[in-house]
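So the structure is just underneath, and the comments pick up after that.
All ligand and atom numbering here is 1-based and tracks the order in the structure. Remember, predicted model here, so these are calculated numbers, not experimental data.
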Amino acid sequence: MSDAVAARLAAVNARIARAVESARRPPGSVRLLAVSKTKPEADVRVAYAAGQRDFGENYVQELVDKAAALVDLEGIRWHMIGHLQRNKVRHVVKLVSAVHTVDSVRLAEELGKRAADSGRGPLTTLVEVNVGGEAQKSGCGPDELGPVLAAVERAPGLALSGLMTVPPHTDDPAGARPFFDRLVALRDAHGGATRLPELSMGMTHDLEHAIFAGATWVRVGTAIFGERD
Ligand SMILES: *Cc1c(COP(=O)(O)O)cnc(C)c1O
């Protein structure tokens with residue numbers, strides 16, 4: 001089990017390195033966020049021992065429990081990548097190094113206030129965009145992006161870092177590419193890489209396409225930790 005996690009982590013890092021090279025992007029320009037949701041702490045320990053430091057979680061309670069159980073892992077960085085409700089913000093604000101899923105002015109304001117009050121440093125914040133316009137998905141609509149970005153910049157406790165998206169599922173991974181390109185176009189329309197240096201996009205299925213489109217963070221679960229129940 002643990003050997004499998006270490007081997008799969010190495011395989012994912014190799015996939016990323018190959019895609020970065022084929023896309024003629026600088027080595028190290030794409031970072032791996034290991035998505036450990038629903039997986040046991042022991043698997044996180046194995047990935048950490050193999051050098052992984054950034055981990056993504058989707059659910060507040062699971063993040064709180066795992067961060068507490070793994071507090072001995074020095075330098076581990078937790079990223080919130082699931083939908084965040086305003087009434088849960090206070091539970092995560094001191095635990096996470098980044099939130100990838102701010103999608104409303106009200107959430108930006110609450111997160112910014114809690115981050116500032118907590119005395120932690122500025123919280124790295126990405127704004128999630130629902131590029132596919134799917135009703136069941138979180139993320140702000142492209143037309144709401146301007147006000148949400150402005151709210152993040154206004155918030156004293158937040159540091160605006162970039163954009164994040166989860167494209168609609170397509171059986172062919174190449175089907176995600178137009179949605180990744182749409183996120184890039186939105187970044188370009190809202191200040192470009194100077195204002196929004198990070199693009200969090202690409203998962204197990206389609207990370208190469210995300211890297212070709214310009215991802216700086218890929219969020220990978222299944223290819224590292226195996227299928228989820
Ligand atoms: C679960 C999840 C991932 C990882 O997906 P895999 O297909 O398992 O790599 C990435 N991003 C988000 C937002 C997720 O919820």
I'd like to know if K113 and E109 make a salt bridge, using a cut-off of under 4.0 Å between side-chain N and carboxylate O.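 No, K113 and E109 are not salt-bridged.
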
Output yes when K66 and D43 qualify as a salt bridge under the 4.0 Å nitrogen-oxygen rule, no when they do not. no

Who clusters with W217? Use side-chain heavy atoms, under 4.5 angstrom, across I, L, V, M, F, W and Y, and order the result by chain and number. L33, V35, I81

Is the closest side-chain donor-acceptor distance between T101 and E128 under 3.5 Å? no

D171 and H169: side-chain donor and acceptor closer than 3.5 Å? yes

Go ahead and list the nitrogen or oxygen contacts between ligand 1 and the protein that come in under 3.5 Å, distances to 0.1 Å, or just say none.
| from | atom 1 | to | atom 2 | distance (Å) |
| --- | --- | --- | --- | --- |
| ligand 1 | 8 (O) | T222 | N | 2.8 |
| ligand 1 | 8 (O) | T222 | OG1 | 2.6 |
| ligand 1 | 8 (O) | R228 | NH1 | 2.8 |
| ligand 1 | 8 (O) | R228 | NH2 | 3.1 |
| ligand 1 | 9 (O) | T204 | N | 3.1 |
| ligand 1 | 9 (O) | T204 | OG1 | 2.6 |
| ligand 1 | 9 (O) | G221 | N | 2.8 |
| ligand 1 | 11 (N) | R219 | NE | 2.9 |
| ligand 1 | 15 (O) | K37 | NZ | 2.7 |
| ligand 1 | 15 (O) | N58 | ND2 | 2.7 |

For P122 versus A159, what's the shortest heavy-atom pair and its separation?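 Closest approach of P122 to A159, heavy atoms only: CB-CB, 4.0 Å.
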
